[in-house]
Amino acid sequence: MPELRRRRLRELLRICPVVKTIEVHSGLTGLIAEKTVVQDGEGLDQFDAMWISSLCDSTTRGKPDIELIDMSSRIRTIDEVMDVTTKPVILDGDTGGLVEHFTYNVRTLERMGVSAIIIEDKVGQKKNSLFGTQVRQTQDSIENFCEKISAGKDAQRTEDFMIIARIESLILEKGMEDALKRAMAYVEAGADGIMIHSRKPEPDEIFEFCDRFRDQDVTTPIVVVPTTYCDTYESELISHGVNIVIYANQLTRSAFPAMENTAKNILLNHRAREAEETLIPFYKIITLIDTI
Ligand code: SPV
Ligand code: MG
């Protein structure tokens with residue numbers, strides 16, 4: 001039920017050392033996030049939550065990650081995922097759009113049972129953060145972005161829904177001081193969490209941000225996306241005060257080469273026998289899908 005799912009993220013933040021979140025973009029990837037369990041040492045391990053990435057939602061539709069996929073289409077993806085899963089959903093809300101639209105979208109998402117939206121402090125044509133300064137991207141002013149956060153918080157109807165502010169200062173090379181100043185301002189404006197993003201191969205600037213943020217704020221959840229600094233273990237992130245780790249695109253990036261290789265294999269062999277060796281039997285996929 002939407003209420004139970006919505007509040008589950010806050011509950012997980014209270015009980016988990018870190019909320020492990022995986023990208024999903026369809027019913028099938030939702031089922032993978034929901035049902036993948038591994039034996040890890042003495043116990044079992046699984047993902048806690050799902051991230052509906054703008055990058056992967058766009059890529060799956062063959063479109064660029066520039067806020068081209070409108071909110072109605074994003075809602076269709078969320079609905080498809082929610083229809084077959086129970087874990088909490090964190091939505092990548094891009095810039096959040098116009099404040100006047102953001103407030104309506106907050107209410108819609110909240111009603112659906114989404115637990116959190118993460119909005120990034122950029123304006124104008126948004127491009128994916130991993131492009132960094134290779135493309136033109138403009139950061140929003142602190143004042144404007146704070147207004148958007150506050151308007152969203154005023155619009156929501158429950159205590160559960162979270163608006164998490166994503167800081168792009170390190171991505172856009174605006175420096176650590178700017179990132180920290182923004183973090184404090186966004187929390188003051190009502191943000192329920194801070195996502196700090198980096199495209200460095202090492203986690204040093206993320207660790208520094210987290211340590212310095214935690215010196216001033218011990219409670220506000222910190223969210224990170226270790227795509228480029230993927231050598232970093234969850235335990236290291238936890239030791240620097242991180243609460244949510246998002247594996248933001250790995251399912252899409254693993255499926256793409258697998259599908260491309262299969263297409264090439266069939267073309268080269270003029271039949272599917274050779275490709276068959278690398279394929280999962282269909283009955284194994286069907287076992288993921290519940291019968292009612
Ligand atoms: C996404 O997954 O769409 C994100 C994270 O926003 S990143 O692609 O690293 O910008
Ligand atoms: Mg995104």
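Sequential numbering from 1 along the given sequence is applied to the chain's residues. Both counts, for ligands and for their atoms, begin at 1 and track the order of listing.
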> Roughly how far, to the nearest 0.5 Å, is CE of Met112 from CG of Leu91?
Replying inline: 9.0 Å
> Are Arg5 and Thr85 close enough that a side-chain donor and a side-chain acceptor fall under 3.5 Å?
Replying inline: yes
> Which ILVMFWY residues can you reach from Leu12 by hopping between side chains whose heavy atoms are under 4.5 Å apart?
Replying inline: Leu9, Leu13, Ile15, Val19, Trp51, Ile90, Ile118, Met162, Ile164, Met195, Val223, Val225, Ile244, Ile246
> Distance-only, no hydrogens or angles: does the Thr228 side chain make a donor-acceptor pair with backbone N or O of Lys200 under 3.5 Å?
Replying inline: yes
> Under a 4.0 Å N-O cut-off, is there an ion pair linking Arg8 with Glu11?
Replying inline: yes
> Hey, which protein N/O/S atoms does the Mg ion (ligand 2) have under 2.8 Å?
Replying inline: Ser54 OG, Asp92 OD2
> In this structure, which one of Glu120, Lys126, Glu67, Lys122 forms a side chain to side chain donor-acceptor pair (under 3.5 Å) with Thr95?
Replying inline: Glu67
>> Would the distance check show the side chain of Glu110 and the main-chain N or O of Arg157 forming a donor-acceptor pair, the cut-off being under 3.5 Å?
In response: yes
List of N/O pairs, ligand 1 versus protein, all under 3.5 Å?
unit_1, atom_1, unit_2, atom_2, d
ligand 1, 2 (O), Trp51, NE1, 3.2
ligand 1, 2 (O), Ser53, OG, 2.8
ligand 1, 3 (O), Ser53, OG, 3.2
ligand 1, 3 (O), Ser54, N, 3.2
ligand 1, 3 (O), Ser54, OG, 3.0
ligand 1, 3 (O), Leu55, N, 2.8
ligand 1, 3 (O), Asp92, OD2, 2.8
ligand 1, 6 (O), Asp92, OD2, 3.0
ligand 1, 6 (O), Arg166, NH1, 2.7
ligand 1, 6 (O), Arg166, NH2, 3.4
ligand 1, 8 (O), Asn128, ND2, 2.9
ligand 1, 9 (O), His197, NE2, 2.7
ligand 1, 10 (O), Arg166, NH2, 2.9

> How many angstroms lie between atom CZ of Phe145 and atom OG of Ser150, to the nearest 0.5 angstrom?
Replying inline: 10.5 Å
> Members other than Phe131 in its cluster, when Ile, Leu, Val, Met, Phe, Trp, Tyr link by side-chain heavy atoms under 4.5 Å?
Replying inline: Val135
